Amino acid sequence: MHGKPGDDRHWQRGASDRILPEVEVLRAIAILFVLIAHNRTALWWRVPTFENYLNFSFGVDLFFCVSGFVITRAFYRDFVLAAGKGGLAYWRVVTDFWIRRAFRIMPLAWLWLLIPIVMSVVYNRSGAYFTLLGNIGDFLSAALNVYNFHYAHCTTSPNLWCGSSGVYWSLSLEEQFYLAFPLLVLLPRRAMVLALAAVILWTATRELTSLAWMTRFDAISLGVLIALFKQSAADVAFTPRFLENRFARWPLLVILLLALAAAGGGPGLVTFYPLVTTLVCGVLVYITSFNSGYLLAPGLLRSILVWIGTRSFGLYLMHNPVIAFVRETWERSHPGEVPTGVMRAVIILAVVGLLALLSDLSLRYFELPLRRYGKKIVDRRNAVSALNAGDLADADSDSALGARVAIR
């Protein structure tokens with residue numbers, strides 16, 4: 001049904017437990033792209049310049065492609081093996097997956113949804129936190145995992161229920177993928193590959209409405225396909241060893257990042273730029289998948305980007321509320337004034353400093369403890385399940401022994 005799920009020659013054991021530093025580099029690049037795309041929220045005095053030619057919002061697509069790859073790499077084999085054992089075993093593994101995803105995503109996501117609700121009441125003279133009703137609308141749609149549909153409606157028909165948490169559209173899309181992925185795995189492998197390829201092609205040909213934009217699964221699908229391809233023997237033949245040479249590695253990285261920003265920049269460099277950006281993301285993820293320094297060799301720059309990448313989830317959720325805080329603080333201390341000179345530098349340093357501090361504290365004291373707690377719940381569930389299975393086996397053994405004694 002699924003090819004050879006038990007064949008480990010091309011599937012690394014313990015993949016779900018190994019962190020790939022270069023994946024964190026990609027996450028860092030993705031969040032830096034997003035921050036650049038949103039720069040005029042923080043630097044509200046700026047006149048658009050490069051925005052007329054470059055579109056850094058496709059950092060979100062890079063996040064999507066990384067997620068598809070990482071999730072498939074970490075869980076696909078477990079799902080396939082469990083599916084071979086029957087429905088109960090499979091849905092237990094799937095439930096474990098959903099529990100761990102929930103503890104990784106929901107607590108932090110809900111925290112940064114609640115903060116704007118509170119701030120819109122107590123610290124919002126400038127309107128930087130939008131309105132109480134709008135933030136409640138954002139919270140409810142995000143909690144119901146339909147924020148991408150909510151936000152698509154808000155972009156075309158703004159209303160009182162639209163708040164300040166626009167970035168959550170991508171989080172809802174990823175959560176929808178997490179719900180659908182276990183069902184996708186139940187397909188025969190070839191059918192799964194064809195379905196994912198069809199999603200990519202369909203997305204490339206859709207009319208680019210707001211709803212289409214907020215429901216695009218092309219980059220995630222490509223990330224899944226890359227992880228599946230990594231299981232095959234053909235993967236070795238495509239090892240990009242030429243990237244061991246820094247004079248090849250650096251120009252390629254610059255070209256790919258420029259293509260990611262330029263393809264959809266301004267009116268769009270090419271009419272089919274969504275497909276181009278998805279493919280660029282795929283190339284970056286595939287290079288990264290070897291974790292051999294083909295994207296970025298070990299060194300100070302990579303260490304800095306790994307630090308940023310491991311905190312990218314918190315940075316993504318908190319950057320707009322933090323920027324709103326700095327903006328509100330400025331408006332209260334300098335009502336009606338536009339920052340100039342040194343004060344612009346102070347504002348930039350305040351935003352960067354707060355994001356660095358809060359994202360680090362968030363990772364250390366909020367995200368990691370909750371991830372460990374989610375894993376503890378899963379481990380406890382599995383221990384109880386194994387214990388019950390052992391008791392059942394002992395009972396069956398005792399029953400069989402009693403039957404043999406009775407026959408004798």
Side-chain angles (χ1 to χ4, degrees), residues 1-27 29-30 61-81 83-84 181 184-185 187-201 218-257 259-260 275-276 278-299 302 305-306 309:
M1 178 178 174
H2 299 277
K4 296 181 179 180
D7 189 347
D8 291 313
R9 289 174 299 170
H10 309 294
W11 190 265
Q12 296 168 311
R13 290 186 181 275
S16 60
D17 298 323
R18 288 209 310 127
I19 295 175
L20 301 182
E22 288 196 81
V23 166
E24 300 302 337
V25 169
L26 275 193
R27 286 187 171 127
I29 292 171
D61 293 68
L62 188 52
F63 271 129
F64 288 156
C65 197
V66 168
S67 292
F69 169 74
V70 169
I71 292 299
T72 306
R73 177 179 178 270
F75 296 101
Y76 176 77
R77 181 176 177 274
D78 291 342
F79 284 177
V80 171
L81 292 175
F181 182 67
L184 190 64
V185 172
L187 294 174
R189 185 184 176 95
R190 182 172 297 179
M192 179 179 176
V193 169
L194 290 175
L196 292 166
V199 167
I200 295 171
L201 293 176
D218 49 346
I220 291 180
S221 298
L222 185 56
V224 175
L225 288 174
I226 291 169
L228 294 177
F229 180 73
K230 294 292 292 183
Q231 297 182 48
S232 69
D235 172 58
V236 177
F238 286 90
T239 302
R241 298 193 186 282
F242 72 96
L243 293 177
E244 293 173 355
N245 186 327
R246 63 180 177 178
F247 295 107
R249 182 171 60 246
W250 274 104
L252 181 62
L253 178 59
V254 171
I255 290 170
L256 289 172
L257 295 183
L260 186 60
L275 178 60
V276 173
T278 295
L279 294 177
V280 170
C281 291
V283 172
L284 287 166
V285 169
Y286 188 68
I287 292 172
T288 296
S289 69
F290 292 91
N291 200 40
S292 300
Y294 295 147
L295 184 74
L296 193 63
R302 191 167 98 163
L305 290 176
V306 168

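Positions are given from 1, in the same order as the sequence printed here. Just so we're clear, the structure is a prediction, and the values are computed from it rather than from any experiment.
Shown here for Arg249 and Ala297, the closest heavy-atom pair between the two residues is NH2-CB, 3.7 Å. When all heavy atoms of Met192 and Val185 are compared, the closest pair comes out as SD-CA, 4.2 Å. Cys65 and Val285 get closest at one heavy-atom pair: SG-CG2, 3.6 Å. Residue Leu20 comes nearest to Arg73 through the heavy atom pair CD2-NH2, 3.6 Å, listed as atom of the first residue, atom of the second, then distance. Here the shortest heavy-atom pairing between Ala259 and Val280 reads CB-CG2, 4.1 Å.
Remark: side-chain polar atoms of Arg27 are not paired, donor with acceptor, to backbone N or O of Val66 under 3.5 angstrom.
Distance CG/Leu253 to CD1/Ile29: 5.5 Å, rounded to 0.5 Å. Rounding to the nearest 0.5 angstrom, the gap separating the CG atom in Leu187 from the CG atom in Leu196 is 9.0 Å. Atom CG of Leu257 and atom CG of Leu284 lie 6.0 Å apart (nearest 0.5 Å). The CZ atom of Phe64 sits 6.5 Å away from atom CG of Asp61, with the distance rounded to the nearest 0.5 Å. For the atom pair OH of Tyr294 and CG of Leu252, the computed distance is 13.5 Å after rounding to the nearest 0.5 Å.
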Throw together a table of side-chain donor-acceptor distances under 3.5 angstrom for residues 234-245, partners on residues two or more places apart or in other chains.
from	atom 1	to	atom 2	distance (Å)
Asp235	OD1	Lys230	NZ	3.3
Asp235	OD1	Tyr286	OH	2.7
Asp235	OD2	Lys230	NZ	3.2
Thr239	OG1	Val236	O	2.8
Asn245	OD1	Phe247	N	2.8

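The closest side-chain heavy-atom distance from Leu260 to Cys281 is below 4.5 Å. Side-chain contact between Ile200 and Leu225 is present, with heavy atoms from C-beta onward closer than 4.5 Å. Between Arg302 and Glu24 there is no side-chain heavy-atom pair separated by less than 4.5 Å. Looking at Phe69 and Ser289, their side chains come closer than 4.5 Å, going by heavy atoms from C-beta outward. Contact annotation: the side chain of Phe181 approaches that of Val224 to within less than 4.5 Å [non-hydrogen atoms, C-beta and beyond]. Inter-residue side-chain proximity for Thr288 and Val25 is flagged as unmet; no heavy-atom pair is nearer than 4.5 Å. Looking at Trp250 and Leu296, their side chains come closer than 4.5 Å, going by heavy atoms from C-beta outward.
Applying the salt bridge (charged side-chain N to carboxylate O under 4.0 Å, His left out) rule to Asp218 yields no partners; only residues at least two apart in sequence or on another chain are considered. Checked against side-chain contact (heavy atoms from CB on, under 4.5 Å), Val283 has the following partners two or more places apart in sequence or in another chain: Leu256, Ile287.
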